[in-house]
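Structure first, commentary second.
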Protein chains: 2
Amino acid sequence: MNNRLCEMFGIEAPIFAFSHCRDVVVEVSRAGGLGVLGMARAHPDRVEEDLRWIDAHVGGRPYGVDILMPARYEDVAEVDIDALPAGHVAFVRQLLDDAGIPRLSPEQADRAARELLAGFHMTPRGSLRMLEVCLRHPIKLIVNALGSPPRELVERAHALGIKVGALAGRTEHALRHAAVGCDLVVAVGTEAAGHTGDITSMVLWPRIVDAVAPLPVLGGGGVGRGRQVAAALALGCEGVWCGSIWLKTVQSELVPEIRAKLLAAGPADAVLTRTVTGKPCRTLRNAFTDAWDQPGAPRTLPAPLQNMLWWAHGRTRVERAKAEAFLTYPVGQLVGDMNAESSVRQVVQDMLLELAETKLRLDAMLG
Amino acid sequence: MNNRLCEMFGIEAPIFAFSHCRDVVVEVSRAGGLGVLGMARAHPDRVEEDLRWIDAHVGGRPYGVDILMPARYEDVAEVDIDALPAGHVAFVRQLLDDAGIPRLSPEQADRAARELLAGFHMTPRGSLRMLEVCLRHPIKLIVNALGSPPRELVERAHALGIKVGALAGRTEHALRHAAVGCDLVVAVGTEAAGHTGDITSMVLWPRIVDAVAPLPVLGGGGVGRGRQVAAALALGCEGVWCGSIWLKTVQSELVPEIRAKLLAAGPADAVLTRTVTGKPCRTLRNAFTDAWDQPGAPRTLPAPLQNMLWWAHGRTRVERAKAEAFLTYPVGQLVGDMNAESSVRQVVQDMLLELAETKLRLDAMLG
């Protein structure tokens, strides 16, 4: 493909793969795209090990990292489990009791609390620690998933030959990313997994393409096959940003029980809900997301309290019990098209094949 | 363009334009697309006059009609204004009082009630009356906006050489349309104006294309420019279904005050709300849609009561007072891109020009 992003990164196809799983990152980069390791749930101590593993397996192909780096380095308040309202704690406890999910023993509860504290190390200070580790590895791209990156970070990355991008769900965000010196913008439609805005890819992508031109834009949200890659290029993007589609691959991080739920789900099962983190987040509908819609349910808590509520009082109980009705994972509306397990290499090959077929179809139709 | 839909209807470009305004219908058909007159708000007595006007002005070009035809002919209950809960009536009255909007005189209230009854003639019996009128005109397409059309209607239309289509927001709907003999399916993403589902165009269109193949599919929701037409074709659609974009044209039915609000709005101002009809409906955010999100607001009523509530107690007061904060219109997320008045012909020409440019860009990128 003849494309600025392919030239910029020395890749064969402008398919950027977001994944929390190092295996997916490696496989996408080896298949001609560019894997980007998501760090939002990583513990700083694990980053060095993961990147060393990637370096050993990626065969010299380019890869990147995705971090949560706020524009200002003010540290957020320390996590305080006791700050959770008693009524909300009781609501979650009762919900799981009613579903027959065993409570934790004191030792289990203690371990869950420690995991919670570890999981909430995604403070600016934690991000900085991770970033320092990343900069000692041959990464080619840093993507910021939390607003515009600090200008100093952009300059430091550029001095090391690393490109910088950032996610945008609105034109205003994209313009700020351009203003701090980003090399590309990832325009993310509401159909995407995880935290997302409310504008759809069809409407959002061309708006952002026009707003930040000539900066290249990746289209994210709803991309899992070649026709969608072609649509992204048609809408003015120069590449795609895919996350959900890798969850159906054998390389992904999912436990079999969750993957089975994803493979069985329809597109409307990927709900945009505040029940997970307190902010709109698209995730697989489950007994927990449903419960908050029932009459008498409390309102969700603001972030990060809602997320803490689940980690401290739901997550571990559900995982230990393998309570199928409560299992979930952030996933986009594309989940309805993820009906069979596959491999990362197969997904990339299928995408490129359908992209080529689409081009032939357009040639026949448009002359 | 070399395309089955162009052949099917003898049109130059597979651009299908939904509009309540006969001027838009005529202009699109004359520009090489196919105008479709929306009847949801028409009074049966007006249909004959409108279609006669179209016949006189369309220059023999094909056009169609969009009706609300339920699959079963059971008549819905008669409209009963007194069935509205007193608390809801008081909520609306107070809201408008607080905004300084004058109450209606008894005569005005009486006329509003009569208009309400006329506006709610969209019963199956009313639809049938309209349909009989339509079938005496040289229409080439009937689109049903309310589920699958009755099989008898499809057969009768086919005997007259008229094609039949229907709107679908889910794959299941599209499959039912195919099963009753529809000639095409309009796949409508959540970004569209009016009543809409929750799946976005990027995800929904290719699903429906695959599900009903080889039936042709029109992509609706988020289409207002050539890049989006190209994206629809890339995703497997053979044409597009556009509604919102015509609202920015001088030919549209909008009063200047509402058009000015649309031209100033951003994409997030087109909210999906139950406050208008009781069902999820995308419309321009305004003081009425906002009011129901406030603490202490009642829950919205089920359809059709919520719509009656507004027609009987809000609409006329607001229109008489030209209360800018309450003016609204059903519109898609595309509203953020509708920043300047234009003409129908210009919109179509711009679409086709950008479609051709997009093809050249794809050629350069994909070889």
Side-chain angles (χ1 to χ4, degrees), chain A residues 1-4 6 14 169-172 189-192 197-207 209-210 219 221-236 238 266-268 270-272 332-337 354-356 358-367, chain B residues 1-4 6 14 169-172 189-192 197-207 209-210 219 221-236 238 266-268 270-272 332-337 354-356 358-367:
Chain A
M1 262 184 74
N2 181 15
N3 182 291
R4 287 191 297 165
C6 291
R170 297 227 177 177
T171 311
E172 308 85 273
T190 187
E191 49 270 79
D198 44 17
I199 316 300
T200 72
S201 293
M202 188 63 59
V203 173
L204 181 73
W205 295 349
R207 282 177 68 81
V209 165
D210 285 347
V223 183
R225 57 189 286 185
R227 286 194 206 155
Q228 287 147 343
V229 178
L233 300 178
L235 290 165
E238 297 196 48
V271 292
L272 196 58
Q333 292 191 334
L334 210 62
V335 71
D337 299 305
E354 197 179 73
L355 173 61
T358 301
K359 180 60 171 54
L360 292 176
R361 196 161 42 73
L362 292 176
D363 287 346
M365 217 185 276
L366 298 171
Chain B
M1 261 184 77
N2 181 14
N3 182 292
R4 288 191 296 166
C6 291
R170 297 227 178 177
T171 310
E172 308 86 271
T190 187
E191 48 271 79
D198 45 16
I199 316 298
T200 72
S201 293
M202 187 63 58
V203 173
L204 181 74
W205 296 348
R207 281 176 70 81
V209 165
D210 284 348
V223 183
R225 57 189 286 186
R227 285 193 208 158
Q228 286 147 345
V229 178
L233 300 177
L235 289 165
E238 297 196 47
V271 292
L272 195 58
Q333 291 191 336
L334 211 61
V335 71
D337 300 305
E354 196 179 74
L355 173 61
T358 302
K359 179 61 170 52
L360 292 177
R361 196 161 41 74
L362 292 176
D363 287 347
M365 218 184 276
L366 297 170

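All chains are named by letter (A, B, ...) in the order of the sequence lines, taking the proteins before the strands, and each is independently numbered beginning at 1.
- Between chain B and the residues E238(A), M1(A), R361(A), M202(A), the most heavy-atom pairs under 4.5 angstrom are made by M202(A).
- The candidate from N3(B), L355(B), L233(B) with the greatest count of non-hydrogen atom pairs under 4.5 Å with chain A is L233(B).
- Residue A270(B): no heavy atom, backbone or side chain, is found under 4.5 Å from chain A.
- Of the two parts of V271(B), neither the backbone nor the side chain holds a non-hydrogen atom closer than 4.5 Å to a non-hydrogen atom of chain A.
- Of the atoms belonging to R225(B), it is side-chain heavy atoms, and not backbone ones, that fall under 4.5 Å from chain A.
- Interface remark: of the candidates R4(B), Q228(B), Q333(B), Q333(B) forms the most heavy-atom pairs closer than 4.5 Å to chain A.
- Looking at T171(A), neither its backbone nor its side chain comes within 4.5 Å of chain B, counting heavy atoms on both sides.
- The residue among L235(A), L204(A), T358(A) with the most heavy atom pairs within less than 4.5 Å of chain B is L235(A).
- Once rounded to the nearest 0.5 Å, the distance linking CG of L362(B) with CG of L362(A) reads 6.5 Å.
- Ranked by heavy-atom pairs under 4.5 Å with chain A, the first of P206(B), A234(B), A230(B) is A234(B).
- Between the side chain of E354(B) and the backbone N or O of R227(B) there is at least one donor-acceptor pair closer than 3.5 Å.
- For the options L334(A), V209(A), V203(A), heavy-atom pairs under 4.5 Å to chain B are most numerous at V203(A).
- Taking chain B as the reference chain and counting heavy-atom pairs below 4.5 Å, the highest number among A364(A), S201(A), G236(A) is found for G236(A).
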R170(A)/D198(A) under side-chain contact (heavy atoms from CB on, under 4.5 Å): CA gap, chis, key distance, verdict: CA-CA 9 Å; R170(A) 297 227 177 177; D198(A) 44 17; 3.9 Å; yes
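- Counting heavy-atom pairs under 4.5 Å between each of G336(A), G189(A), G266(A), G367(A) and chain B puts G336(A) at the top.
- I199(A) is not listed as a side-chain neighbour of E191(B), based on a closest heavy-atom distance of 4.5 Å or more.
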